[in-house]
J.: 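Quick one: structure below, then a few questions.
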2 protein chains.
Amino acid sequence: MKKIYTSADIAEMPQRYRANFINAIEGFKALNLVGSINQDGGTNLAPFNSIFHVGANPPLIGMISRPATVDRHTLSNLKKSGIYTLNHVHSEIVDQAHQSAARYEVNQSEFDEVGLTAEFLDGFKAPFVKESKVKLGLELRQITPIELNGTILIIGEVVLIEIDDDGIDNDGFIDLQKYDSTAVVGLDAYYQPKLIQRLSYAKPHESLKKV
Amino acid sequence: MKKIYTSADIAEMPQRYRANFINAIEGFKALNLVGSINQDGGTNLAPFNSIFHVGANPPLIGMISRPATVDRHTLSNLKKSGIYTLNHVHSEIVDQAHQSAARYEVNQSEFDEVGLTAEFLDGFKAPFVKESKVKLGLELRQITPIELNGTILIIGEVVLIEIDDDGIDNDGFIDLQKYDSTAVVGLDAYYQPKLIQRLSYAKPHESLKKV
């Protein structure tokens with residue numbers, strides 16, 4: 001049945017219920033594993049699902065880190081090293097990706113703990129996920145606290161990409177279904193998206209065409 | 001064939017190619033139609049695909065608006081009115097949603113132009129999309145320019161939600177496949193995601209279970 005939820009309804013939800021509900025209602029999200037290194041060269045891996053487009057030229061990607069009140073290895077690593085990687089998750093590594101969210105000790109590498117392989121590409125110092133089919137290397141450009149709730153806005157510039165170019169169209173579009181990239185809803189649900197269609201550039205009073 | 005793209009490779013891409021490429025490589029994104037009103041009560045609708053989770057308590061959602069150098073009706077409207085709506089796009093309204101990106105004149109409502117219906121719920125002053133199956137009303141909380149490229153970070157608090165509660169699990173999780181919500185890649189490709197699985201909360205040295 002159609003139902004309306006007000007601010008008061010949302011505020012009264014039990015904490016875990018509200019976390020599931022609000023994280024889901026925003027829609028489908030990309031899942032990326034973020035690879036980083038600490039000062040001793042130790043590798044770290046963590047899933048982030050708040051990845052968003054900031055710009056194409058220069059190529060900027062944003063993400064939100066939870067409040068720094070608990071020990072956030074990723075945030076601390078990339079503040080110090082200034083670099084990190086984003087790695088897509090395909091259906092065969094969903095379990096490992098999900099498990100990398102567990103709170104391992106700082107001297108344990110999530111790569112080893114969950115069974116993924118750290119890989120270094122083209123002299124870039126942060127670790128990529130070897131098993132991943134789409135890998136991005138980023139340089140940190142901005143860290144801004146969001147005062148509303150203590151989360152941290154992180155923006156990086158893409159400086160390295162590894163991908164099989166067979167799935168890239170002539171106009172630069174990449175059909176991520178060909179790479180089996182997954183999408184997520186909420187905190188723990190994994191999806192395989194299937195292409196419906198691409199549509200032509202929208203102009204007033206002109207019919208859309210399938211591309 | 002696996003290929004590595006460097007900063008120089010990305011910088012040399014033709015503008016449109018790079019826009020498609022960078023917008024796609026970030027992964028799947030939610031698509032939401034943003035509804036707003038101008039000072040004269042005229043309605044406006046525009047697709048945004050850079051929606052991201054900022055927090056669950058209070059329920060905060062972020063989005064990125066392109067640079068304010070061209071006339072951005074949505075940005076101008078929500079600065080003045082302080083409210084807006086987010087409306088999910090299901091497969092049957094993909095064409096209308098895509099067409100709402102066209103640059104209509106300020107006195108033309110995209111609702112009328114593309115054939116969607118403006119709906120007002122529970123006294124909220126910004127228009128929802130009647131056809132949409134998941135509707136969120138937000139109050140503006142923060143507008144912050146991103147100096148790196150002139151885009152604008154917008155954060156709002158969810159104060160109203162309309163959804164059929166049949167698809168909401170006992171723990172608050174919402175399987176968006178039940179609402180036929182679409183995901184997008186890049187600027188123009190629409191996808192229907194299919195659930196693979198939900199996984200239990202990850203803890204060190206404990207096996208994951210399907211939820």
J.: Which region of A:I168, side chain (C-beta onward) or backbone (N, CA, C, O), has a non-hydrogen atom less than 4.5 Å from a non-hydrogen atom of chain B, or is it both or neither?
T.: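 It is the side chain, since no backbone atom gets that close.
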
J.: Determine, stepwise, if the pair B:Y191 / A:D175 fulfils side chain to side chain donor-acceptor pair (under 3.5 Å).
T.: CA-CA 10 Å; B:Y191 291 78; A:D175 180 3; 2.6 Å; yes

J.: Side chain, backbone, both or neither: which part of B:E105 has an atom under 4.5 Å from a heavy atom of chain A?
T.: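 B:E105 has no heavy atom closer than 4.5 Å to chain A.
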
J.: Is the B:F52 to A:F52 ring centre distance short of 6.0 Å?
T.: yes

J.: Checking heavy atoms, do the side chain of A:E139, its backbone, both or neither come under 4.5 Å from chain B?
T.: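 A:E139 has no heavy atom closer than 4.5 Å to chain B.
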
J.: Please state whether the side chain, the backbone, both or neither of B:V159 comes within less than 4.5 Å of a heavy atom of chain A.
T.: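 Both backbone and side chain of B:V159 come within 4.5 Å of chain A.
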
J.: Assign the ring pair A:Y104 / B:H205 to parallel, tilted or perpendicular, where the plane angle (0 to 90°) is split at 30° and 60°.
T.: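 Geometry flag for B:H205 against A:Y104: perpendicular rings.
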
J.: Pick one of side chain, backbone, both or neither for A:N170, based on which atoms fall under 4.5 Å of a heavy atom in chain B.
T.: backbone

J.: Heavy atoms only, distances under 4.5 angstrom: which of B:L160, B:V134, B:L176 has the most pairs with chain A? Name it, please.
T.: B:L176

J.: Is it the side chain or the backbone of B:E113 that comes within 4.5 Å of chain A heavy atoms, both, or neither?
T.: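 The answer is the side chain of B:E113.
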
J.: Under 4.5 Å from any heavy atom of chain A, what part of B:D9 do you find: side chain, backbone, both or neither?
T.: neither

J.: Which bit of A:L136 is near chain B, if near means a heavy-atom gap under 4.5 Å: side chain, backbone, both or neither?
T.: side chain

J.: Do A:N57 and B:R18 come within less than 4.5 Å of each other through their side chains, counting heavy atoms only?
T.: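 Sidechains of B:R18 and A:N57: in contact.
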
J.: A:I64 versus chain B, heavy atoms under 4.5 Å apart: side chain, backbone, both or neither?
T.: side chain

J.: Top residue by heavy-atom pair count (under 4.5 Å) with chain B, among A:G167, A:P59, A:G55?
T.: A:P59

J.: For chain A, which of B:A101, B:A30, B:G62 has the most heavy-atom pairs under 4.5 Å?
T.: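 Max contact count across the listed options: B:A30.
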
J.: Is it the backbone or the side chain of B:V184 that comes under 4.5 Å from a heavy atom of chain A, or both, or neither?
T.: neither

J.: Can you tell me how far the CD atom of A:Q96 sits from the CG atom of B:L208, to the nearest 0.5 Å?
T.: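 If we round to the nearest 0.5 Å, A:Q96:CD and B:L208:CG are 9.5 Å apart.
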
J.: What's the spacing between A:H53 NE2 and B:L187 CG if we round to 0.5 Å?
T.: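 Going from the NE2 atom of A:H53 to the CG atom of B:L187 covers 7.0 Å.
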
J.: Distance-only, no hydrogens or angles: does the A:N149 side chain make a donor-acceptor pair with backbone N or O of B:V54 under 3.5 Å?
T.: yes

J.: Please flag which part of A:I51 lies under 4.5 Å from any non-hydrogen atom of chain B: side chain, backbone, both or neither.
T.: side chain

J.: Does any heavy atom of chain B fall under 4.5 Å from the side chain of A:K203, the backbone, both, or neither of them?
T.: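 For A:K203, backbone heavy atoms alone lie under 4.5 Å from chain B.
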
J.: Where does A:I10 contact chain B at under 4.5 Å (heavy atoms): side chain, backbone, both or neither?
T.: side chain

J.: With only heavy atoms counted, which part of A:V158 is less than 4.5 Å from chain B, the side chain, the backbone, both or neither?
T.: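 Both backbone and side chain.
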
J.: Given a strict heavy-atom distance threshold of 4.5 Å, which part of B:L153 is in contact with chain A: side chain, backbone, both, or neither?
T.: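 Only the side chain of B:L153 comes within 4.5 Å of chain A.
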
J.: Using modelled atom types only, decide if a donor and an acceptor are shared between the side chain of B:D166 and the backbone of A:M1 within a distance under 3.5 Å.
T.: yes

J.: Tell me, side chain or backbone of B:K135 under 4.5 Å from chain A's heavy atoms, or both, or neither?
T.: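 Answer is side chain: those atoms of B:K135 sit under 4.5 Å from chain A.
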
J.: Pick one of side chain, backbone, both or neither for A:H98, based on which atoms fall under 4.5 Å of a heavy atom in chain B.
T.: both

J.: Please classify the contact of A:I155 with chain B as side chain, backbone, both or neither, using a heavy-atom distance under 4.5 Å.
T.: side chain

J.: Tell me, for A:V185 versus chain B, whether the close heavy atoms (under 4.5 Å) come from the side chain, the backbone, both or neither.
T.: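 Both backbone and side chain.
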
J.: Side chain, backbone, both or neither: which part of A:S200 has an atom under 4.5 Å from a heavy atom of chain B?
T.: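 Backbone only.
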
J.: Would you check if B:F21 and A:I161 make a side-chain contact, meaning some heavy-atom pair closer than 4.5 Å?
T.: yes

J.: Hey, mind stepping through A:D188 and B:Q197 against side chain to side chain donor-acceptor pair (under 3.5 Å) and telling me if it holds?
T.: CA-CA 8 Å; A:D188 54 20; B:Q197 61 188 3; over 6 Å; no

J.: Check whether any side-chain heavy atom of A:E162 sits under 4.5 Å from a side-chain heavy atom of B:K2, and report yes or no.
T.: yes

J.: Spell out, as yes or no, whether a donor-acceptor pair under 3.5 Å connects the side chain of B:N20 to the backbone of A:D171.
T.: yes

J.: Is there a side-chain contact between A:Y5 and B:I163 (heavy atoms, below 4.5 Å)?
T.: yes

